[in-house]
Amino acid sequence: MEQEKKYSFHQNLAYCVRSTRKGCPKLLFFCLLVILVNCLVPVVTAFLPKVVIEQITDGKPLRQLLLVTACLTGALALLGGLQKYMNQLIYWNKFTMNTFFLRLITRKGLTTDYRNQENEHFRKLQSESFGSCNGNFSYYAQTYDAVVLFFSNLLGFLAFAGILFTLHPLLILFLCLTTLVSFFLNRRINKWIEGTVGEKSGYEQRLRYVTEASDDLRAAKDIRLYRMVDWLNGIYDKNLKGLLGWYRSYTAKLFGVSAADSALGFLREAVTYAFLLYLALEGKISVAEFVLYFNVVAGFSAWLGSLLGQITDLQRLNQAMNRFRSYLEYPETYRREGGKPVGSLDSPERIELKDVSFRYDAEGEDVIHHFSLALEPGEHLAVVGLNGAGKTTLVKLLCGLTEPTEGTVTYNGTDIREYNREEYYRLFGAVFQDYSLLPVTIEEIVAEEEELNVDHERVETCLKQAGLWEKVSSLPEGVKSKYNRAFWDDGINLSGGETQKLLLARALYRNAPVIVLDEPTAALDPVSENRLYETYDEVMQGKTTIFISHRLASTRFCHRIVLIDHGQIAEEGTHEELLAKKGSYYELFETQAKYYRENPEGEVDHDEA
Ligand code: ADP
């Protein structure tokens, strides 16, 4: 789903002004003041020699000449100082606005529908948006400079056009025409950039991927063992070549346009200065006026060139801002305001998938296909199936992390879209395969609360239930141990299995009526795994649980097992029922069981498997 916003320049300017009024109102004042000063300085500079020459040619007394000169140069010095001071203030205050926009982006990233975070296009916009306001020379920061320059140029242009109008309107037309040709040449470059920005950011994204992989401790083992260095280097070289190629084309285009620009500039100035000389020699303008017009013509070309250049620049920034706003305004479909109350968190209600289909890619195939399943309150369901069968997707649909493409998910008989999504999430305690743990203390991780609000007894109970208490209590600082040695010098790291137990303790602490465990035993040793199965009923009593595993033997303690294949329920029943069926479950179970079997005759002992 492509979601590109196409706001015009003035719409984006209004947005920028509104945001600045909220984030840093004084920046607006500084910008307005500097625009005025930027325009006044060249006007005073252009008039100064004219006034001085007139004082001399009109034979004014020396005192008056000195006074007028001192006033004008003094005013220029003051304006120059003010200009520098304002620019410095603008520079510092742009930091405040960067932070303001970064906060908006971060918030969007943290709160957006989970489905958006899985969307490649959204992620691309997200990373571009971070770049757009990261640093004082980022796109967003440049916008302030570009807008200030644009309006300074516009005011200056109008002022100088007014002066030149008294000389000859055709002169203005000639100056405008030659400068416009340059402008349209520049515009072509801009169009080219617009058409190739996707290609460029694609190269940059893949380069970033390789750079991040080199810094990623989790990938370090695989990179070495699987000799991925050459492969990664290959990706890096290929994309660097692509990026350099892009910059080469860009520079070549820029060079061509700059050469044409210079030629036009020469023509413009030669013709206008010849005209001024003619007027002066014919006595149609005085020496003082010649000097004034001389300055004004040079200034006018500069104002206009800069003004048009600024338009090109603003168009480029406008594109960046449109991408930025496309990200911030990316549609959110989940209900966040109002909605029906989900009811009590103490006991679960019936959850049902009604003829649900889901596909990640609108043009792709269904990952979940016409799937119907009802979970009774307190039921322990096991979902098994081969890799890629759709187990995790099913769980994301149940938890409301993603929306069905067709069909509905209901909780207590109500379509979950009618609940406030944040409230709906409170029904679930989940352990996913991909997780994130903050670098805080163990008890804060389990409780997802700051130390002050932690229920210490409950933390202990949950760690015991998850089988991690022994390990944690043996640490010098116990539950106060800080997690993540990369963050804390005196922090601790946990093994894969221990992390899984910690995640389980966190899910249990939540005291949610529905517990979802996605491959919770994958990293556990056999003793820990067995312990989890033995205590499962007791720990999960009264809760609805969904236990995903590809290990069939591990699901026997569940009330019901569903075997998923290609996003559909292939078989359903208890462990014994499914074995008796002698279908796919039986075959998969046999395949796994034979590795555990000690019986040399090859007969399967189901109880041992
Ligand atoms: P399982 O948990 O059974 O291994 P998943 O539900 O993770 O299976 O995946 C089912 C199918 O959906 C797989 O073919 C997988 O490649 C695809 N898939 C999973 N996540 C995404 C995603 N974010 N974008 C596109 N396809 C995905």
Side-chain angles (χ1 to χ4, degrees), residues 1-3 109-110 112-127 202 205-206 209 327 330-334 351 353 355-373 375 381-407 409 416 428 430-436 496 500 503-504 507 514-524 545-555 558 560-572 578 583-585 587-589 591-592:
M1 186 175 37
E2 300 275 310
Q3 301 287 348
L110 288 174
T112 190
D113 293 354
Y114 179 78
R115 186 71 195 99
N116 287 345
Q117 280 292 11
E118 285 190 323
N119 181 311
E120 273 312 307
H121 179 62
F122 178 84
R123 295 192 72 79
K124 212 171 197 175
L125 288 176
Q126 181 166 252
S127 93
Q205 201 174 0
R206 287 185 285 275
Y209 169 80
Y327 167 70
Y330 210 86
E332 305 287 347
T333 51
Y334 303 171
I351 311 175
L353 283 109
D355 199 24
V356 167
S357 294
F358 176 79
R359 68 191 79 101
Y360 284 98
D361 183 1
E363 274 85 49
E365 287 186 3
D366 280 359
V367 170
I368 296 291
H369 190 63
H370 293 293
F371 198 102
S372 294
L373 175 77
L375 268 145
L381 178 82
V383 181
V384 298
L386 298 178
N387 290 341
K391 304 185 291 294
T392 303
T393 308
L394 177 70
V395 163
K396 286 193 283 193
L397 286 162
L398 277 171
C399 295
L401 288 171
T402 200
E403 298 271 77
T405 317
E406 285 164 49
V409 180
I416 65 166
F428 296 89
V431 177
F432 289 111
Q433 291 181 59
D434 37 3
Y435 56 85
S436 73
Q500 245 173 355
L503 293 168
L504 179 61
V514 187
I515 300 281
V516 177
L517 305 173
D518 190 355
E519 297 282 5
T521 57
L524 295 188
T545 70
I546 301 144
F547 190 100
I548 297 184
S549 181
H550 64 274
R551 286 195 224 181
L552 307 193
S554 69
T555 53
C558 289
R560 187 163 47 129
I561 300 167
V562 292
L563 172 73
I564 302 194
D565 187 22
H566 291 97
Q568 284 180 302
I569 298 182
E571 286 174 23
E572 189 176 353
L578 290 178
S584 305
Y585 184 88
E587 273 173 32
L588 290 174
F589 186 79
T591 314
Q592 287 186 355

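Both backbone and side-chain heavy atoms feed into the values below; hydrogens, waters and symmetry mates do not. Read the numbers this way: they start at 1 and go in the same order the structure lists the ligands and their atoms. Residues: numbered from 1 along the sequence shown.
Ion pair Glu403/Arg115 not flagged as a salt bridge, since none of the NZ, NE, NH1 or NH2 atoms sits closer than 4.0 Å to an Asp/Glu carboxylate oxygen. A salt bridge links Arg359 to Glu406: at least one charged side-chain nitrogen sits closer than 4.0 Å to a carboxylate oxygen. A salt bridge does not link Arg123 to Glu118: none of the charged nitrogens lies less than 4.0 Å from a carboxylate oxygen.
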Do any nitrogen or oxygen atoms of ligand 1 lie under 3.5 Å from a protein nitrogen or oxygen, and which ones?
| unit_1 | atom_1 | unit_2 | atom_2 | d |
| --- | --- | --- | --- | --- |
| ligand 1 | 2 (O) | Thr392 | N | 2.9 |
| ligand 1 | 2 (O) | Thr392 | OG1 | 2.7 |
| ligand 1 | 3 (O) | Ala389 | N | 3.2 |
| ligand 1 | 3 (O) | Gly390 | N | 2.9 |
| ligand 1 | 3 (O) | Lys391 | N | 2.9 |
| ligand 1 | 3 (O) | Lys391 | NZ | 3.0 |
| ligand 1 | 4 (O) | Gly388 | N | 2.8 |
| ligand 1 | 6 (O) | Thr392 | N | 3.4 |
| ligand 1 | 6 (O) | Thr393 | N | 2.9 |
| ligand 1 | 6 (O) | Thr393 | OG1 | 2.5 |
| ligand 1 | 8 (O) | Gly390 | N | 3.3 |
| ligand 1 | 20 (N) | Tyr360 | OH | 3.3 |

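Using cut-offs of 30° and 60° for the angle between ring planes, the Tyr330 and Phe122 rings count as perpendicular. Using cut-offs of 30° and 60° for the angle between ring planes, the Tyr585 and Phe589 rings count as parallel.
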TODO: Check the pair Val367 / Tyr360 against side chain to side chain contact (heavy atoms under 4.5 Å, CB included), numbers first and verdict last.
DONE: CA-CA 7 Å; Val367 170; Tyr360 284 98; 3.6 Å; yes
